[in-house]
Amino acid sequence: MLDIEDLDVIVKEDGKKILNKLSLNIKAGEIHAIMGPNGTGKSTLSKVILGHYKYEVVGGDILFNGQSIKNLTTDERARFGIFLAMQDPITIEGLNNSEFLKTAVNEKTKEKVDLYSFIKELNELLGKLKLNQSIFHRSLNQGFSGGEKKKNEVLQLRILKPKLIILDELDSGLDVDSLKVVCENINEYLKDNTDTSVLIITHYPRILDYIKPNFVHIIKDGTIVRTGDMSLALQIEKDGYGSINNIEEAGLNA
Amino acid sequence: MHKIIVDNDSIILQNENYLDIEKNKDVTLYLFGEGKTIINVLEDCKLTVYHLGVDISNDIQINLNGKNSEVKYYYSVVNYQDNVLKIVINHNSSNTYSNVYNHGVNVLDKSLRFEVSGVVPKNILGCSCNQENRIINMSNGKSMICPNLLIDYFDVSSSHAAYIGKFSDDVLFYLMSRGISREKSYSLLIKSFLVPTDIDKEKVEDFMVNIENI
């Protein structure tokens, strides 16, 4: 599914190195979580996978289903089936939410959307996400609460049916009930699409109680310094990131 | 052209235009084309204007002559040649309200200039006078915004915002991260920028076609 090999990434503006020989392999159907303190490169990694304009890959490669994607545009990567649920989704005044969704589906399938089935599917998903129908007719994310924004990301995810889901700080801005709703929706999607993989970027293990990872990675200074299972996340919750001693020496021990 | 407006209307502007909005009316006007236009708004009128066009220059004066009169003016232009919008809102009565939204997309290397003035003279009480001007440069065109708020009394709330630049890279990244091509993303952004949300799209079909063709 996703193979990141010795990835070196710099910030285009100032040349600062932000990912350093980072390697990560995610097989079909696996759920991986990346944890780490602020400023270690977690969110950057999620953006680099989708070809964010601020960053430049200066070494290594990103393979998706065996094909290098590092020279593809963001929309091409997305149409391959990679979906990034963003930490702080963008607001676009005047862009109708349903028109945005319809356009995204059109662009992916290259076929005109069948309006009846599209609206039927949207209505079902709205119910599952506990979202008001008025969200279709509002400008994209404008005036949305934190919870509505994150639910709208999951709505897009379910409509676009990706093969790799990247969740960047999904739990930020979500109350406990809303977090449960969005995670239940993602789990339902994963149950129906067993070959879909997930990469969860998070500070806190809370979300991992709902979406159970097969692997937990700790990132430090732009590279993965330890890999383990859920017990690693629980150790961090209990003792903090400082408890991971000699992590440079430990290396990859999965 | 002299016209007394008593109901919602669509008007193609000619060289000189005088429009009087009747008292106590809530009116929505769709204006197309260019020219010199004076709009007089009488007491207790609520006027909404959607003024759209491609390669248009306009010289507009809106006189809020009656108490409690209001105007919302949405000006949207697609620019290929050299064009100018001059718009003056005169708050000639107390408790008058203006909100002006001028949006332009400057497609090529030509100039687009917005000169926008809100005027509140002495002893005119309780007014609100606001303007927002934005121009998106698609190439290396020369765009200029001159916002003026000529407020000569203390009892007024007033604001302005001005932006000249391109669409945000973060916004573009978001749209493209959903699989939408760069070209289609621009098309969506231009449409959302130039077509006000409450507009009756059937009345501006020609303009929508022009947007698709940018």
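Both backbone and side-chain heavy atoms feed into the values below; hydrogens, waters and symmetry mates do not. Note that the structure is a prediction, hence the values are computed from the model and not measured.
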(message) So which residue, B:T197, B:V171, B:L175, B:I180, ends up with the most heavy-atom pairs under 4.5 Å with chain A?
(response) B:I180

(request) Over all heavy atoms of both residues, which pair between A:G94 and B:S192 is shortest? Give the atoms and the distance, please. (result) C-CB, 3.4 Å

(message) Looking at B:H160, I want to see if its NE2 is surrounded by more than 12 non-hydrogen atoms of other residues, nucleotides or ligands under 6.0 Å.
(response) no

(message) Is it true that, when you exclude B:K36 itself, more than 12 heavy atoms of the residues, nucleotides or ligands shown sit nearer than 6.0 Å to its NZ?
(response) no

(message) Can you tell me if A:K110 has over 12 outside heavy atoms packed within less than 6.0 Å of its NZ?
(response) yes

(request) Give, as side chain, backbone, both or neither, the part of A:P162 having an atom under 4.5 angstrom from any heavy atom of chain B. (result) neither

(request) First locate atom OG of B:S177, then atom NE2 of A:H52, and finally report the distance between them rounded to the nearest 0.5 Å. (result) 9.5 Å

(request) Check each atom of A:L95 against the heavy atoms of chain B and say whether the ones under 4.5 Å are side chain, backbone, both or neither. (result) both

(message) Is it true that, when you exclude B:K72 itself, more than 12 heavy atoms of the residues, nucleotides or ligands shown sit nearer than 6.0 Å to its NZ?
(response) no

(message) Are the side chains of A:E99 and B:L188 in contact, using a 4.5 Å heavy-atom criterion?
(response) yes

(message) If I measure from the heavy atoms of chain A, does B:L189 come under 4.5 Å with its side chain, its backbone, both, or neither?
(response) side chain

(message) What part of A:N141 gets within 4.5 angstrom of chain B, counting heavy atoms only: side chain, backbone, both, or neither?
(response) side chain

(message) Could you tell me if the side chain of B:F193 sits less than 4.5 Å from the side chain of A:E93, heavy atoms only?
(response) no

(request) Measure the shortest side-chain to side-chain distance between A:M86 and B:F173 over non-hydrogen atoms and say whether it is less than 4.5 angstrom. (result) yes

(message) Rounded to the nearest 0.5 Å, what separates atom CD1 in A:I92 from atom CG in B:L172?
(response) 9.0 Å

(request) Might you confirm whether atom NZ of A:K12 has over 12 heavy atoms from other residues, nucleotides or ligands at distances under 6.0 Å? (result) yes

(message) Sub-4.5 Å heavy-atom contacts with chain A: which residues of residues 126-142 of chain B show up?
(response) B:R134

(message) Using heavy-atom distances under 4.5 Å, tell me whether A:F80 contacts chain B through its side chain, its backbone, both, or neither.
(response) neither

(message) With heavy-atom distances below 4.5 Å as the criterion, would you say the side chains of B:R178 and A:V105 are in contact?
(response) no

(message) Testing the basics here: between A:R79 and B:G179, what is the closest heavy-atom pair and its distance to 0.1 Å?
(response) NH1-O, 2.9 Å

(request) Please list, chain by chain and in numerical order, all residues satisfying side-chain hydrogen bond (donor to acceptor under 3.5 Å, both in side chains) with B:N40, sequence neighbours excluded. (result) B:D20, B:N63, B:N65

(message) Counting neighbours of CG on B:L108 that are heavy atoms of other residues, nucleotides or ligands and sit closer than 6.0 Å, is the number greater than 12?
(response) yes

(request) Can you establish whether the number of heavy atoms outside A:K17 located under 6.0 Å from its atom NZ is more than 12? (result) yes

(request) Identify which of A:E76, A:E153, A:K108 forms the greatest number of heavy-atom pairs closer than 4.5 Å to chain B. (result) A:E153

(message) Rounded to the nearest 0.5 Å, what separates atom NZ in B:K184 from atom CG in A:D75?
(response) 13.5 Å

(request) Nearest 0.5 Å please: distance from the OG1 atom of A:T74 over to the CZ atom of B:R182. (result) 8.0 Å

(message) Does any part of the side chain of B:Y174, heavy atoms only, come nearer than 4.5 Å to the side chain of A:L140, both counted from C-beta?
(response) yes

